[in-house]
Amino acid sequence: MEELFIYLLKSAGVLSIFVLIYHFLLRKLTFFKANRFFLLFGIAASILFPFIEITQTVYVEQPQMMSMQPQFEPTMSIVQEMNVDEPVIDSGQLLMMLYTAISLFFLGKMTVELLSLRRLILSGKRRMEDGFVRISLSRKVTPFSFFKYICFHVQDEQDPANDLILKHEQVHAREWHSVDLLITHFYCAVFWINPLAWLLKRQVGENLEFIAD
């Protein structure tokens, strides 16, 4: 558990650099595509960099030891072994199990949401248009895209004002923004204890909207 705590601490330190740089320096700039890869690189760095260890070898001259004849004979001491009942699960293992259980909960929630999204897409009427799959849904939903699928409510498609929304969602689909969202959701599920992970997730989503606009 101590190794996990040290890893999470290092990971949070690395991630904080990227989150703070984006928030205070890059967020107001118009290099949105560059910011996208900067944030994704921040995720990869926070996962991999804590495994990198920098070691330095220092040679120390060993002092010469003088041999001395002992004046007294060593005495033998009898040590009684005491049987100590060790707990079956210590506190470190318990915390590890708790951390894993919460991560599995978020991963399970993510899986359920993806399955629900899949059912929603399959329930609509589809047609190919400009290389994308248009999904007409009878259920009232806000227009959204997921990979190559662009979903609209059937009544909203008849509104000419939705042409701008369609172009917006086409950018999301063309640039594969769904990959970024899946990565951030998975990252938050694993590193849920780090509040910067949730802030990064919001920053990624915000930057993707800037790109689509």
| field | Sidechain N-carboxylate O distance under 4.0 Å for Glu169, Lys167 | value | no
| query | Sub-3.5 Å donor-acceptor pair from the side chain of His185 to the main-chain atoms of Leu181, do we have one? | reply | yes
| field | Side-chain donor or acceptor of Ser145 paired with backbone N/O of His172 under 3.5 Å | value | no
| request: Start with the C-alpha gap between Ile193 and Leu8, add the side-chain angles, then the distance that decides, and say whether side chain to side chain contact (heavy atoms under 4.5 Å, CB included) holds. | output: CA-CA 9 Å; Ile193 198 171; Leu8 292 175; 4.1 Å; yes
| message | Consider side chain to side chain contact (heavy atoms under 4.5 Å, CB included). Of Leu208, Val19, Leu26, Leu196, which one does Gln203 pass it with? | response | Val19
| request: Identify the residue among Val204, Leu15, Leu182 that makes a side chain to side chain contact (heavy atoms under 4.5 Å, CB included) with Tyr187. | output: Leu15
Please say whether more than 12 non-hydrogen atoms of neighbouring residues, nucleotides or ligands are located less than 6.0 Å from [atom1] in [X].
| X | atom1 | value |
| --- | --- | --- |
| Lys28 | NZ | no |
| Tyr7 | OH | yes |
| Arg127 | CZ | yes |

Min side-chain heavy-atom separation [X]-[Y] under 4.5 Å:
| X | Y | value |
| --- | --- | --- |
| Glu175 | Arg36 | yes |
| Phe132 | Gln170 | yes |
| Asn35 | Arg27 | no |
| Met128 | Arg134 | no |
| His153 | Thr142 | no |
| Phe146 | Cys151 | no |

Cluster link [X] to [Y], ILVMFWY, side chain under 4.5 Å:
| X | Y | value |
| --- | --- | --- |
| Val179 | Phe186 | yes |
| Leu120 | Ile165 | no |
| Phe152 | Val133 | no |
| Phe147 | Leu114 | yes |
| Val112 | Leu122 | no |

| field | Evaluation steps, side chain to side chain contact (heavy atoms under 4.5 Å, CB included), between Arg174 and Lys148 | value | CA-CA 7 Å; Arg174 187 182 304 113; Lys148 64 179 180 179; over 6 Å; no
When rounded to the nearest 0.5 angstrom, what is the spacing between [atom1] in [X] and [atom2] in [Y]?
| X | Y | atom1 | atom2 | value |
| --- | --- | --- | --- | --- |
| Ile150 | Ile135 | CD1 | CD1 | 9.5 Å |
| Leu200 | Leu40 | CG | CG | 8.5 Å |
| Leu107 | Cys188 | CG | SG | 11.0 Å |
| His177 | Asn207 | NE2 | CG | 8.0 Å |
| Phe32 | Glu206 | CZ | CD | 9.0 Å |
| Leu115 | Met110 | CG | CE | 11.0 Å |

How close do [X] and [Y] get, heavy atom to heavy atom, and via which atoms?
| X | Y | value |
| --- | --- | --- |
| Pro50 | Ala45 | CD-O, 3.7 Å |
| Ala212 | Val171 | CA-CG1, 3.6 Å |
| Ser11 | Ser46 | OG-O, 2.9 Å |

Tell me whether the centres of the aromatic rings in [X] and [Y] are closer together than 6.0 Å.
| X | Y | result |
| --- | --- | --- |
| Phe18 | Phe41 | yes |
| Tyr99 | Trp192 | yes |
| Phe38 | Phe31 | no |

| Pairs in or reaching into residues 104-121: which pass side chain to side chain donor-acceptor pair (under 3.5 Å), with residues at least two apart or in two chains? | Lys109-Glu113, Ser116-Arg119
| task | Please test Phe49 against Ile52 for side chain to side chain contact (heavy atoms under 4.5 Å, CB included), starting from the C-alpha separation and ending with a verdict. | result | CA-CA 5 Å; Phe49 280 16; Ile52 301 176; 4.1 Å; yes
| message | Here's one to test your reading of the geometry: is the NZ or CZ of Arg126 within 45 degrees of the ring axis of Tyr149 and under 6.0 Å from its centre? | response | no
| query | Do Arg202 and Thr184 pass the side chain to side chain contact (heavy atoms under 4.5 Å, CB included) test, and can you show the C-alpha distance, the side-chain angles, and the key distance before you say yes or no? | reply | CA-CA 9 Å; Arg202 187 163 66 247; Thr184 55; over 6 Å; no
